[in-house]
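For reference, the structure is listed below as structure tokens.
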Amino acid sequence: MANVKLEHVSKIYDNQKKVINDVTLEIKDKEFLVLVGSSGCGKSTVLRMIAGLEEISEGKIYIGDKVVNNVHPKDRDISFVFQSYALYPHMSVYDNIAFPLKMRGYKKNEIDKKVNEAAEFLDLKELLNRKPKQLSGGQRQRVALGRAIVREPKVFLMDEPLSNLDAKLRSKTRAELKKLHEQLKTTFIYVTHDQTEALTLGDRIAVIDKGIIQQVDTPDVIYNSPANVFVGGFLGSPPMNFIRVKISDGKININDTVFELSEEQKQKIGNRSEVILGIRAEKLNEADADLKIKAKIRITEMLGSKKIVYCDCNGTECLAEMPAENDYSDELTLSVKTDDILFFDADTEKRIYQEEK
């Protein structure tokens with residue numbers, strides 16, 4: 001087993017574009033860390049640099065105590081699970097799983113033992129003689145995982161391995177991956193653009209945007225205490241609401257509702273004349289609370305046991321999570337506890353009010 005550490009790692013392409021910018025990150029031994037961000041943010045490039053499939057331009061990468069900048073991918077003791085599964089179409093499931101062991105010169109009886117153990121673990125025993133084209137997407141993904149498991153690597157690297165699966169199978173496979181990590185007790189580094197995968201899988205989440213790590217923390221902290229507007233808007237479904245407001249004499253006016261800041265809030269916000277309020281959709285409801293905001297309803301979206309109501313709040317679209325059985329007309333009074341409001345700087349968009357919950 002091993003920890004993985006990146007020290008001031010950057011990637012600069014020939015056109016001088018810096019796609020990874022001074023990333024410093026430590027993944028603990030046996031940890032499940034999820035790298036999450038939008039398409040093109042650099043998360044897969046970080047994973048490929050750890051694997052040795054992409055050269056780094058600056059910095060150092062450690063696997064365990066060893067700097068691996070110049071170590072060949074096959075000598076890094078990692079397993080890589082690709083988005084496309086990368087199975088050999090002419091080989092059986094058995095031979096696909098056995099392939100990395102054959103390349104390393106394992107004896108036939110050792111290969112047979114490891115392949116059958118992996119197949120048993122991943123429920124592939126009945127499929128060992130089939131070819132990839134005879135398998136479903138979920139079965140192919142399990143074969144790719146089996147091929148990674150048999151090597152017993154120090155680190156598993158996974159690049160959006162569930163993106164080709166349908167919603168139901170993706171949910172089922174997420175649970176299987178979590179169980180797999182708990183049983184193998186190996187370091188997992190997992191890349192996704194799906195915030196649900198990030199929140200449900202990761203021991204910790206690293207949010208990346210434009211090649212820069214924005215925040216690294218547990219799912220609970222990332223969700224409830226985002227470091228900036230990008231993190232708050234990216235993690236969560238629906239995303240966090242952001243309302244830009246003016247401050248005058250320690251008061252905020254939202255659609256003719258005046259909200260007076262507490263002394264602690266005034267001290268934290270300082271002399272700013274404008275801030276961004278951050279409020280989660282589930283915190284905006286019709287329950288009795290100390291701050292009520294009048295809003296005009298645009299549309300409602302039915303999601304089983306709840307409704308998402310799209311409203312106009314102070315000229316900004318806000319999403320409120322409401323009970324499904326409620327009916328709504330043109331207007332709605334939203335209520336929120338002032339303790340559930342986060343404050344962000346209007347210029348830097350960084351969190352400025354860090355209240356302990």
What distance do [X] atom [atom1] and [Y] atom [atom2] have between them, rounded to the nearest 0.5 Å?
| X | Y | atom1 | atom2 | result |
| --- | --- | --- | --- | --- |
| Arg76 | Lys154 | CZ | NZ | 12.5 Å |
| Asp75 | Asn70 | CG | CG | 12.0 Å |
| Cys311 | Leu334 | SG | CG | 5.0 Å |
| Leu180 | Ile149 | CG | CD1 | 4.5 Å |
| Lys131 | Met91 | NZ | CE | 10.0 Å |
| Glu264 | Ile269 | CD | CD1 | 10.5 Å |

- Task: Test Leu291 against Ile341 for side chain to side chain contact (heavy atoms under 4.5 Å, CB included), laying out the working first.
- Result: CA-CA 10 Å; Leu291 177 60; Ile341 299 175; 3.5 Å; yes

What closest approach, in Å, do [X] and [Y] show between heavy atoms, and which atom pair accounts for it?
| X | Y | answer |
| --- | --- | --- |
| Leu342 | Met240 | CD1-CE, 3.7 Å |
| Ser79 | Ala148 | OG-O, 3.1 Å |
| Pro89 | Pro132 | O-CD, 3.7 Å |
| Asp209 | Ser38 | OD1-OG, 4.5 Å |

Can you tell me if [X] uses its side chain to pair, donor with acceptor, with the backbone of [Y] under 3.5 Å?
| X | Y | answer |
| --- | --- | --- |
| Lys11 | Glu55 | yes |
| Ser10 | Asp22 | yes |
| Asn69 | Ile61 | yes |
| Lys43 | Leu35 | no |

In terms of ring plane angle, is the pair [X] and [Y] parallel, tilted or perpendicular, where the classes change at 30° and 60°?
| X | Y | result |
| --- | --- | --- |
| Phe32 | Tyr190 | tilted |
| Phe188 | His181 | perpendicular |
| Phe82 | Phe80 | parallel |

| query | Between the side chains of Glu160 and His193, is a donor N or O closer than 3.5 angstrom to an acceptor N or O? | reply |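 Yes, because at least one side-chain N or O of Glu160 sits under 3.5 Å from a partner of the opposite role on His193.
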
Would you say [X] and [Y] make side-chain contact, with heavy atoms under 4.5 Å?
| X | Y | answer |
| --- | --- | --- |
| Asp77 | Pro153 | yes |
| Phe343 | Leu277 | yes |
| Asn3 | Tyr62 | no |
| Asp194 | Ser163 | no |

message = In this structure, would Val4 and Leu25 fall into the same cluster of hydrophobic residues linked by side-chain contacts under 4.5 Å?
response = yes

Is Val309 reachable from Ile293 through a run of I, L, V, M, F, W or Y residues, each pair having side-chain heavy atoms under 4.5 Å apart?
yes

*asked:* side chain to side chain contact (heavy atoms under 4.5 Å, CB included) for Thr338 and Glu260? Distances and angles first, verdict last.
replied: CA-CA 10 Å; Thr338 53; Glu260 184 162 4; over 6 Å; no

Exercise. Quick one: which residue pairs count as a side chain to side chain donor-acceptor pair (under 3.5 Å) with a foot in residues 227-251, not counting sequence neighbours?
Key: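 Found Gln214-Asn228.
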
Notebook entry, point to check: What side chain to side chain donor-acceptor pair (under 3.5 Å) pairs are there with at least one residue in residues 102-113, not counting sequence neighbours?
Noted result: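 Every pair satisfying side chain to side chain donor-acceptor pair (under 3.5 Å) with a residue in residues 102-113: Tyr94-Asp112, Asp95-Lys102, Asp112-Asn116, Lys113-Glu117.
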
Notebook entry, point to check: Do Arg280 and Asp340 sit within salt-bridge range, that is, some charged N less than 4.0 Å from a carboxylate O?
Noted result: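 Judged by the 4.0 Å cut-off on N to carboxylate O distance, Arg280 and Asp340 do not form a salt bridge.
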
(Q) Under 4.0 Å between a side-chain nitrogen and a carboxylate oxygen: does that hold for Lys178 and Glu182? (A) no

- Query: Going through the distances and angles, do Thr196 and Arg174 end up as a side chain to side chain contact (heavy atoms under 4.5 Å, CB included)?
  - Reply: CA-CA 10 Å; Thr196 301; Arg174 275 202 310 267; 3.9 Å; yes

